[in-house]
Q: 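Sharing a structure below in structure tokens format, with a few things to ask.
Quick note on labels: first sequence line is chain A, next is B, and so on, each numbered from 1.
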There are 2 protein chains.
Amino acid sequence: MTKTLAVLLALSLAVPAAATPPPLTLEQRADEALAKDENAFGFVEGLTTEVGPRQAGTEAEARAREWAAAWLRMAGFKNVAIEPFMMATWVPGDIARARVTAPFAQDLVVLPLGNSAATPAGGIEAEVVFFRTVDDLRAAPAGSLKGRIAYISHQMRPAQDGSHYGFAGPVRWVGPGLAASKGAVGVVIKSVGTDHHRNPHTGGTSFPEGVAAIPAGALSLPDAENLERMFARAMGRPVMLKLEMNPRQIGQTESGNVVGEIAGRNPSLPPVLLACHIDSWWNAPGAFDDGAGCGIIIAAALNAGQHQPLRTIRVLLAGAEETGLWGSKAYSTAHINEPIAVGLESDFGADRIWRFDSNFRESNPALHKRIAAAVARFGVSAGTDVATGGADLNIVRDQKGALVDLQQDGTRYFDLHHTPDDTLDKIDIVQLRQNVAVWTQVVGILANEDTAILTGTPVPAAPAIMQK
Amino acid sequence: MTKTLAVLLALSLAVPAAATPPPLTLEQRADEALAKDENAFGFVEGLTTEVGPRQAGTEAEARAREWAAAWLRMAGFKNVAIEPFMMATWVPGDIARARVTAPFAQDLVVLPLGNSAATPAGGIEAEVVFFRTVDDLRAAPAGSLKGRIAYISHQMRPAQDGSHYGFAGPVRWVGPGLAASKGAVGVVIKSVGTDHHRNPHTGGTSFPEGVAAIPAGALSLPDAENLERMFARAMGRPVMLKLEMNPRQIGQTESGNVVGEIAGRNPSLPPVLLACHIDSWWNAPGAFDDGAGCGIIIAAALNAGQHQPLRTIRVLLAGAEETGLWGSKAYSTAHINEPIAVGLESDFGADRIWRFDSNFRESNPALHKRIAAAVARFGVSAGTDVATGGADLNIVRDQKGALVDLQQDGTRYFDLHHTPDDTLDKIDIVQLRQNVAVWTQVVGILANEDTAILTGTPVPAAPAIMQK
């Protein structure tokens, strides 16, 4: 008996079989996540409590990066790093007031939209012109809003797939720019949202090249409906609004992406990239958008990585998503020459996943079917849409790589999205855990896939798999 | 045939029977209210749209009085009047900011409580002392809060009868005074409410004789829970809060009660008094509290008065209820020598009436049973509590008169009460109409009652009933 063998024998005797239960299968790990995952909730609870709101490009976002990087290191992630980048930063200021002054007098609750200009100190007062839709505003003659404030309404409704955001979103995305181009001195919109609380939905807007930004705010839905009732009762008298806000552009400041890895057995294979974003709007701790998403991807990476996977699993907590995908673009620019095997993002709240889509259903049907079969027990159906990936997956789209979308139930997402109400108490831990379970299952399959994910062909560059 | 008879005959021929449908019975009028009343919603929609928030003692409350008096006149009420009185007026200011500065940094949403003092300009910053209940605060040693800010929590839960307001209310009613008496420089409470939106519940507080008012604010429930999580994570480090608010007492200003009548056939009989309050807190248009209540009593008076009742029905839209029942006290002082037959108030939102109580169940069981039987078809049970009347019925309590309580479902009342979320959209018109139907039925019975309501004895002072 060699000395080495004797040592090994001693070790094996010292660890009786009963004390080393067989390792959990991927399926068992996903089931355990469904029953009792604490990592996702722990992450979002910590982030919302110890950091809170974290507007892109501000010191609060910097604290969030440090907090998240420390969390990843503590949880055992490797190669944890903050990758800084510069961005043009807008801040909301601390004054946001709106008051109808005629024919009735009443305050309305308003918050500025991202990229809104400030009013002069003391505010502006002007007649409001009512547009029922953004298309009605489009049809207004050039110059017709000179000296006036535009109000833009819509009829957004909750939808499981969130698709009414596409229907109503232009009111916020392009409405203010359209109003400015027609001479408006300000614009207020009915919040692009679906709840009835006095908490406006902010979000980014933009102004066309050559059109100066104007003050642009969102009214809460109860306030917008009240303003519309005032129009109905004004009997042709002008509806006058006084608006005061002091947001501003503060020039270039630093933001950054947070990355970390569960190292795979074969580091030469392209990694699986799991994305979320770490920034939030200033008006809420960002539990749904997107603390929960970061918690979900991190928890899934830890579960899938419990046994070293074939491929590296990389998490990307992108900075400055809300104000223009700055982090997503910076990450793609910096890493465009490092191929990604497949990208997935969680950025639609914390409610149940109900559908799985990929962009390789036709090119790699066997893998698509294998994943669909594996998540069916969690109530996830196989979709036929072509996955397009989340906002922070620019690199995968730029590489024309493989994408998986795990579609969450968005019925109540637009009750909370971009509002002060996006707080921890809105998270249903049962649904959050279902997300972690589905992600664990999917990431575990993808991270152990030894063919190219988009095509199913053997990975040409892969050396023999290094067994542990 | 006399000339008179000929004229009468001609008249009767000129108006064929088919064109004069029989007048609706009281029951039919109540049923019609259930199906299609528009007056209650019309009143509250108009008040919340054309006036909005109407803080006691301010110009906004004065506008509300004028608006309501005009509405009553237009609807056909007689003897419509505004009865002014003077009151000590507190106003909320326009700054309300709270920020935890250590061991974590995050803004919290706060609103001042009625009678709160202002902080110095720029705010105060102090260590927070956490009290889980108002009893814990009571037990704190004298002087132990010197230089500190008290935070008071509670565990209020929704209850159909609203009884948890009594359980949690002392946190707001007496908590700030207790904290001030022990040396605190400020106090923040978990809002006395049951919702999870970033909209604090304000409401009145008071300070004991000889104890100077301190800055006192309510945190929204999500913010209060966040603060409590910070305490759990502080590991003994002090939790520091910066608080800035500028409410103030502005001395004596004018408020007023609005009254109106449906004249009875026998003006010498004591009238039936229906009460609500016209003021609201400054932070919301006061749809539930108490625009709806005013709409309900007015609509019921109109329905019950469609055929001239025996007794006069008087409506009292009291001023300045929220800040200390100023209108209720002023009305009692001015009219104490004019007996009221029975008083009823609507001031608990707009949800369904589920129980009927009176204070004459034992002294006039026949009438109590008759009312109970008449409202059973609307899903209203007969209670065994002794009715105590609403806040604006001081005069009836001072006269030791008859009272009826029509108990509304308060399950969601404390989601909205005293918050910015108390807006028109919260009113369910189906439930609002059920209120009007029940009130129509009850007021119609009481206004035609020819015995003393409290005792059932023939009214001694009543002359022969004047038939129309």
Q: Side chains of His196(A) and Asp415(A): is there a donor and an acceptor less than 3.5 Å apart?
A: no

Q: Using a heavy-atom distance cut-off of less than 4.5 Å, which residues of residues 222-234 of chain A contact chain B?
A: Pro222(A), Glu225(A), Asn226(A), Arg229(A), Met230(A), Arg233(A)

Q: Residue by residue, which of residues 420-430 of chain A have a heavy atom closer than 4.5 Å to a heavy atom belonging to chain B?
A: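 Within residues 420-430 of chain A, the residues under 4.5 Å from chain B are Pro420(A), Asp421(A), Thr423(A), Leu424(A), Asp425(A), Lys426(A).
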
Q: Is there a side-chain contact between Asn39(A) and Ile298(A) (heavy atoms, below 4.5 Å)?
A: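 Counting from C-beta outward, Asn39(A) and Ile298(A) never come under 4.5 Å.
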
Q: Measuring only between side-chain heavy atoms, which start at C-beta, is Ile124(A) closer than 4.5 Å to Ile149(A)?
A: yes

Q: Donor-acceptor check, side chain of Asn283(A) to backbone of His418(A), threshold 3.5 angstrom: yes or no?
A: yes

Q: Relative to each other, are the rings of Trp281(B) and Trp90(B) parallel, tilted or perpendicular (30° and 60° limits)?
A: perpendicular

Q: Give me the contact list for residues 42-61 of chain A versus chain B, heavy atoms only, anything under 4.5 Å, ordered by residue number.
A: Gly42(A), Glu45(A), Gly46(A), Thr48(A), Thr49(A), Glu50(A), Val51(A), Gly52(A), Pro53(A), Glu59(A)

Q: Could you tell me if Ser220(A) and Asn199(A) have a donor-acceptor pair between their side chains, going purely by distance under 3.5 Å?
A: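 The criterion, which ignores hydrogens and geometry beyond distance, is not satisfied for Ser220(A) and Asn199(A).
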
Q: For His197(B), enumerate each residue passing the ring pair (Phe, Tyr, Trp, His ring centres under 6.0 Å) test, keeping only those at least two apart in sequence or located in another chain.
A: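 For His197(B), the residues satisfying ring pair (Phe, Tyr, Trp, His ring centres under 6.0 Å) (neighbours in sequence not counted) are His197(A).
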
Q: Using side-chain heavy atoms (C-beta onward) and a distance below 4.5 Å, is Trp282(A) in contact with Thr202(A)?
A: yes

Q: Is there a side-chain contact between Leu113(A) and Ile189(A) in this structure, where contact means two heavy atoms from C-beta onward sitting under 4.5 Å apart?
A: yes

Q: Do Met156(B) and Ser191(B) come within less than 4.5 Å of each other through their side chains, counting heavy atoms only?
A: no

Q: Where does the angle between the aromatic ring planes of Phe414(B) and His417(B) fall among parallel (under 30°), tilted (30 to 60°) and perpendicular (over 60°)?
A: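 If you compare the ring of Phe414(B) with that of His417(B), the planes turn out perpendicular.
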
Q: Would you indicate whether the side-chain heavy atoms of Thr194(B) and Tyr413(B) approach each other to under 4.5 Å?
A: no

Q: Determine yes or no for a side-chain-to-main-chain donor-acceptor pair under 3.5 angstrom, with Lys242(A) supplying the side chain and Arg99(A) the backbone.
A: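 Not a single qualifying donor-acceptor pair exists.
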
